[in-house]
Amino acid sequence: MTLPLGFTLLGLVFVPVTVLIALLRPRYLLSAALIAAILQGAAVYNYRTSSGTIVPIIPFYFVEILIAIMLVFELPQWRKSWGKIERSTRIQLYVLALFAVFCAASSVLLTRAFAGTLVDRPRAGLDASYFHLQRLRFTLSNVAQDGYILLNTLFLFWVATIAAHWDLRRVARLSFTAASSVAVLLGVYQKISFSLGWPFPTTVVDSNGVVFRARGYEQATALFARRVSSTFSEPSFAGAFLGAASIYYLVLAVRSPLHRWPRLTLALGAALVVLWTGASTGYAVLGASWGLFAVVELALPLLRRHSVRAAALGIFATLTGLTILGASLFWDRRWTEVLNGVLLHKVVSVSAVRRFAADRVAWHVFLHTWGAGVGFGSERPSSLLLYLLGNVGVIGAGLFAVAMCWVFVALRRAWRRARGLEERAQMGALGWAIAANLLALLGAIPDPTWELMWALWAMTIVFCAHSATAESGVRYPPEGGRTSLARRVLSTPA
């Protein structure tokens, strides 16, 4: 496979469709963003600079760029609707805006204040350069990370404003289901293609120029060639996403009678693909979330003689998962080599040694800068906590922690206001999925701009906005209405 420059095959379809949505139904850009969140190994456009550096535009950020352009052209109208946003969401956005501004300022000021400090090369690829340190300076990595966090922040501002005027729960729910289903189905197909030699659509899912170069390093081992990555840039990201999606649909299946068996099927399918990723990150997310959910939601109610049906469903799901595990091992016995390497020998593997070394460098950088950090996007350890401490220091890490705490506060308040089992189940499922996502980030995904986190955050804002609007007695406009948000805001009495 040769690297496509310019517009990729995916870009030739995704770009015009997304632009058309932005012109005709802007609010459905939320759907495009949630679906694009799984296309982490793809790009809509690859640009090669004069120095040979490849700058890809991935689908999720292309959607966010369109949203940012819309915000700029309709800024006065958007400002008018700010007061309609639910209070907990406004606090999240205020803290998030402070975090984004601090990140941008740190990447400029701290890189100069601590210039020359030895840091890891932040954009050199996955596991490829953890022992290759460089002197701290302002680089393209700082510019990219500043741009990503700014686009992510504007995306959530846009979602909060849109959700205050339209009921987007169905759009968010169906879009996330579609994204999860595609990731699961492609993961199953990829596993089958390994055994039967079928072709895999790498021209679509691996068209990102940076990921394409990293593949050359990763595919040097036979072990990686047997691991499933689906639509993601590496198996660890696939395992983290599908682990969070699995607990999301398991919670919905247990707590709500709506679409119970399709949701349970999707939860088990996602868990199966997590097994095939061979990613310790995915195993940790899946095991911790399913285990804790079994204790909190199933075992305790059963001991108290409440919700016996839910407990029985959870036991059935657990036994089915174990059966799938046994069947997959029997089907491909070479897979035991992957499990052995990931579960038993991960700590002494080359990847683990390099990641521990990177974390140690980040911790020394944090101490050397007296807790200030060396600037957003300046280095890349293997944990989000050390990424924040090493890059933006105590202040930046604190702002991010406060924003995430308010996400759970908003979900809790929305859960209390919710009416009906389905709506409460959605709040609980989002809380479990976000917690699983944070576990993955803290464990092995050092990226505060990771698409899944912002997709789940956007869904949280949508459901919290609906619960607040329903409590106030305000009615949403018809779903098929063509009125733009700008006109609706201007026509609303103060």
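Residues: numbered from 1 along the sequence shown.
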| Side chains of W290 and S246: closer than 4.5 Å at any heavy-atom pair? | yes
| request: Please name the pair of heavy atoms, one in L186 and one in P201, separated by the smallest distance, quoted to 0.1 Å. | output: CD2-CG, 4.4 Å
| field | F400/F102 under ring pair (Phe, Tyr, Trp, His ring centres under 6.0 Å): CA gap, chis, key distance, verdict | value | CA-CA 11 Å; F400 184 83; F102 182 81; over 10 Å; no
| Can you check salt bridge (Lys or Arg N to Asp or Glu O under 4.0 Å) on E422 and R263, steps first, answer last? | CA-CA 13 Å; E422 173 64 19; R263 286 170 170 174; 2.9 Å; yes
| Flag, side chain of S256 to backbone of L258, donor-acceptor distance under 3.5 Å | yes
| Side-chain donor/acceptor of R260 to backbone N/O of V254, under 3.5 Å | yes
| message | I'd like to check F408 versus L438 (side-chain heavy atoms, cut-off strictly below 4.5 Å). Are they in contact? | response | yes
| query | Is V205 close to F200 at the side-chain level, that is, under 4.5 Å between some pair of heavy atoms? | reply | yes
| request: Go through the structure and list residues passing side chain to side chain contact (heavy atoms under 4.5 Å, CB included) with T265, not counting sequence neighbours. | output: none
| Inter-residue atom distance T449.OG1 - E64.CD, 0.5 Å rounding | 9.0 Å
| From CA spacing to verdict: side-chain contact (heavy atoms from CB on, under 4.5 Å), Y148, I58 | CA-CA 11 Å; Y148 292 156; I58 66 175; over 6 Å; no
| note | Nearest heavy-atom contact between L421 and R255 is CB-O, 4.2 Å
| Over all atoms of both residues, closest heavy-atom pair of F7 and V15 | CE2-CG2, 4.1 Å
| query | Side chains of S383 and P446: does their closest heavy-atom pair fall under 4.5 Å? | reply | no
| said: Under 6.0 Å between ring centres: does that hold for F176 and Y248? | reply: yes
| request: Indicate yes or no: at least one non-hydrogen side-chain atom of C103 is less than 4.5 angstrom from one of Q145. | output: no
| query | Got L30 and S175 here, is their nearest side-chain heavy-atom distance under 4.5 Å? | reply | no
| Steps toward side-chain contact (heavy atoms from CB on, under 4.5 Å) verdict (L441, Y387) | CA-CA 10 Å; L441 290 171; Y387 179 96; over 6 Å; no
Residues 457-464, side-chain donor-acceptor partners within the protein, below 3.5 Å, at least two apart:
unit_1: W457; atom_1: NE1; unit_2: Q92; atom_2: OE1; d: 2.7
unit_1: T460; atom_1: OG1; unit_2: L456; atom_2: O; d: 3.0

| query | Less than 4.5 Å apart, any side-chain heavy atom of R169 and any of Q426? | reply | no
| said: Quick check: F293 with W432 (ring centres under 6.0 Å apart)? | reply: yes
| Are Y189 and W198 close enough that some pair of their side-chain heavy atoms sits under 4.5 Å apart? | yes
| field | Nearest atoms (heavy-atom pairs only) where L275 meets Y283 | value | O-OH, 2.6 Å
